[in-house]
Structures are given as C-alpha cells and as structure tokens.
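Step one of this worksheet: look at the structure below.
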Amino acid sequence: METTRTFALRDYNLATTLTCGQAFRWQQQDRWWTGVIGTRWVRLRSESGSITAETAEPVADWDWLTHYLQLHVDLGEVLRAFPNDEPMRAAVAACRGLRLLRQDPWECLASFILSSTKQIVQIRQIITLLCERYGEPLAVVPGGTRASAFPAPARLARATEAELRACKMGFRAPYLRTTAGLIAGGQCDLERLRDLPVEVARAELIKLPGVGRKIADCVLLFAYGSQSAFPVDVWVMKALRQLYFPRRRVSLQRLHQFAASHFGPSAGYAQQYLFHYMRTGGRT
DNA sequence: GCCCAGGTGAAGC
DNA sequence: GCTTCACATGGG
C-alpha cells in the first residue's frame, strides 16, 4: 500500500493526451496534472521515460490507473496500422505520444452530451460546475484543491432542468437530465453495452435523447475502446474533406463509409490524431 | 455585430 | 430519403 508510484513507459505525451478533447477534467498545477478517475483523486507527473502518480489515500492495486491511461498499449504497433498516406504521416508528426484513454462510460456519455456545438474550453467549464454542485466530495492531498467525483446518474436525474441550466449547459439540460434518468432507472445498462457487438451498442446509445451517431461513437471509442468507432465532428469532417477529398462535395454518410474502409484496425486512434492535428493547425 | 464551437431532433421538402 | 433550422452560451 502506497500513495505514490512510478510507471516506466515510452512514447507517452501526457499533456497532449489529457487535453486533446477526449477527457475534460484534467488541470495543470505546477508540474502536476490533477484529476479524478472514478472515485479517486489523483495527480500525475510526466518525466522522460516514466509517469509518477500520487493519490490522496493508500492504494493496494493500481490497475484502475494503468487501465485508464492504457499504459500497456504499444503505441508503435498502433501507428504501424495507420494507412501510409501523406495526411496520416503529417498527423503522426504533429501528435507525438498522443494516446487514447479508457474512460468510465457514464462520465464519457454525459460529457459528450454536453459537448454539442461547444468549444472544449466551455465543455470544461460546464463539467466543472456540474461536478462542484452534484458530485460527491473526494479526499485530496493536504493542501490540495477541493475535488469531487463525476455526479451519479441518479443525482442528475433528481436535479431540475433549471438547476442544470444554471451550470451553463443551455438546451442540453433536458437531454442530460432525461438520459441520466434512463441510466439510473436501468432502462439503459451501460455495463451491458460493453459486451455487445459495436453496431448493437451504437444503436442502443442512439436511442438516448441528445445522443446521435457522433456522441455514440465517442462513447464507443473513449469508454469501450472500440477501434472501429470513428467520431466525425466538425474538425474531423474538415480534415477528411480537405486532406482526402479536396474540391469535392462529399456527404457525411460517404465520409463514414470512407473512414470505415480506409483507416484499418487503428481507426479510432487515427481519428483522434486527425482531430488534434486539425485543431492545432499542425503545431505540436 | 458576426461566425463558430467534438450535434441533435424536428420540420420541411 | 435529404436539407434546413432552432437550440444556449461564450470565444475570437
């Protein structure tokens, strides 16, 4: 049992991974990245060849952290499965060490319901308010900033629409509240979806209010790890059209077909590389 | 003021 | 089927 542990690894850009728009609660404080994974407060520090983690309370088994960070993944193997074309070579060069996390399905689903037509900085604001107001307080290190767990579905289902709107989520409030109720009531079982074929799980997710193809694909990829999920938002659409179909009109449906056939067994990773590449304009 | 942001659902054709 | 529009809020 200890509160600190160091993990040896390579090809892991912690800062890019935690801020590239897949998770929304990580904050930089001095040399540490502070966040919450499940019901544990944790902070992470990256050094060359290792990541050091510190928790508030002693930990016997660190699997929750290595699983979240996907430390066992061989990034070289992932990248070798990318198509060998110019757009992907440029994206890889711009996103050194970018990894996919493996997040909690409910937090991921709720976060992306709040993401629609919002900039990442605003999504972070909304989620911060939501956690402060409705999440269970967590133990932190002495002198650490207060922290809360992501609010449980039942807690958000119990909030009023007006209360949720006060967290600045606007028209997304009824979507979040109703979906929270369906999860809390067991009409949708997020743990069961983990074991279903990806097409079936996607169809189940899309039944939830405020969840369409894009948000369903985010949950399939970021929470369940389905590499065939390829979320197409405005940035990825821009990337596909500019880089693969310049000066042509291509429908969203056609882009999905192209993505499904072109990007291979690391498609989900390829999507995140294109997303980050476009958002940062090729800067690292 | 204007356009845009990790979209979705409903209404119109 | 596909296209258009409303929906809140804040950044640039």
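Note that this is a predicted model, so its numbers are computed, not measured. The chains referred to below are lettered A, B, ... by the order of the sequence lines, with proteins before strands, and numbering in each begins at 1. All values below were derived from every heavy atom in this structure, side-chain atoms included, with hydrogens, water molecules and symmetry-related copies excluded.
Less than 4.0 Å separates DNA chain B from at least one heavy atom of each of the following residues of residues 109-118 of chain A: Phe112(A), Ser115(A), Ser116(A), Thr117(A), Lys118(A). Residues from residues 225-251 of chain A with heavy atoms under 4.0 angstrom of DNA chain B, sorted by number: Pro231(A), Asp233(A), Val234(A), Trp235(A), Val236(A), Lys238(A). Of the residues in residues 177-194 of chain A, none has a non-hydrogen atom less than 4.0 angstrom from any atom of DNA chain B.
Between the CG atom of Leu205(A) and the P atom of dT8(B) there is a distance of 11 Å, given to the nearest Å. As rounded to whole Å, 11 Å separates atom P of dA5(B) from atom CZ of Arg279(A). Between the P atom of dG7(B) and the CZ atom of Phe171(A) lies a distance of 9 Å, rounded to the nearest Å. Taking atom CD of Gln271(A) as the reference point, atom P of dG6(B) lies 13 Å away to the nearest angstrom. The nearest whole Å value for the distance from the CG atom in Leu252(A) to the P atom in dG7(B) is 12 Å. Across the protein-nucleic acid pair, Tyr273(A) atom OH and dG6(B) atom C1' stand 18 Å apart, rounded to whole Å. At whole-Å resolution of the value, CD1 in Ile215(A) and C1' in dT8(B) are 7 Å apart. If you take CD1 of Ile123(A) and C1' of dC4(B), they are 13 Å apart, rounded to a whole angstrom.
Rounded to whole Å, the P atom of dA8(C) lies 16 Å from the corresponding atom of dA11(B). Straight-line distance between the P atoms of dG6(B) and dT4(C): roughly 23 Å, to the nearest whole Å.
The other members of the hydrophobic cluster of Leu138(A), by chain and number, are Val36(A) (side-chain heavy atoms under 4.5 Å, ILVMFWY only).
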Show me the protein contacts with nucleotides 9-13 of chain B, counting only N or O atoms at under 3.5 Å.
unit_1	atom_1	unit_2	atom_2	d
dG9(B)	OP1	Gly210(A)	N	3.0

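The list of salt bridge (Lys or Arg N to Asp or Glu O under 4.0 Å) pairs with a residue in residues 43-54 of chain A, not counting sequence neighbours, reads Arg43(A)-Glu54(A), Arg45(A)-Glu47(A). Residue pairs that meet the salt bridge (Lys or Arg N to Asp or Glu O under 4.0 Å) test with at least one member in residues 105-133 of chain A, sequence neighbours left out, do not exist here. Listed by first and then second residue, the salt bridge (Lys or Arg N to Asp or Glu O under 4.0 Å) pairs that reach into residues 57-85 of chain A come to none, sequence neighbours excluded. Screening residues 144-173 of chain A for salt bridge (Lys or Arg N to Asp or Glu O under 4.0 Å) gives Glu161(A)-Arg165(A) as the qualifying pairs, with residues at least two apart or on separate chains. Sorted pairs that involve residues 223-234 of chain A and meet side chain to side chain donor-acceptor pair (under 3.5 Å), not counting sequence neighbours, are lacking altogether.
No option in Tyr244(A), Phe82(A), Phe230(A) other than Tyr244(A) meets the ring pair (Phe, Tyr, Trp, His ring centres under 6.0 Å) test with His262(A).
Of the possible donor and acceptor atoms, none in the side chain of Gln271(A) sits under 3.5 Å from a partner among the backbone N and O of Leu221(A). A donor-acceptor contact shorter than 3.5 Å is absent between the side chain of Tyr134(A) and the backbone of Ala152(A).
Between Phe258(A) and Phe245(A), the ring centre distance stays below 6.0 Å. The aromatic ring centres of Tyr12(A) and Phe7(A) sit 6.0 Å or more apart.
When DNA chain C is scanned 5' to 3' for any atom under 4.0 Å from a heavy atom of chain A, the first and last hits are dC2(C) to dG11(C).
Every residue meeting the salt bridge (charged side-chain N to carboxylate O under 4.0 Å, His left out) condition with Arg202(A), not counting sequence neighbours, appears here in chain and number order: Asp217(A).
Thr17(A) places none of its side-chain heavy atoms less than 4.5 Å from the side chain of Leu100(A). Side chains of His72(A) and Gln70(A) form a contact here, defined as non-hydrogen atoms less than 4.5 Å apart.
Taking 4.0 angstrom as the limit, Arg213(A) places none of its side-chain polar atoms (N or O) nearer than this to OP1 or OP2 of dG7(B).
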Next on the checklist: As a quick check of understanding, evaluate side chain to side chain contact (heavy atoms under 4.5 Å, CB included) for Leu220(A) and Leu193(A), giving each step before the final call.
Outcome noted: CA-CA 9 Å; Leu220(A) 291 171; Leu193(A) 296 191; over 6 Å; no
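Using a 4.0 Å heavy-atom criterion, one finds that Lys214(A) contacts the bases of the nucleic acid, with or without backbone contacts as well. Looking at heavy-atom distances under 4.0 Å, Gln253(A) makes contact with sugar-phosphate atoms alone, never a base.
Side chains of Ser50(A) and Thr6(A): no donor on one and acceptor on the other come within 3.5 Å.
The distance from the OG1 atom of Thr39(A) to the CZ atom of Phe150(A) is 14.5 Å, given to the nearest 0.5 Å.
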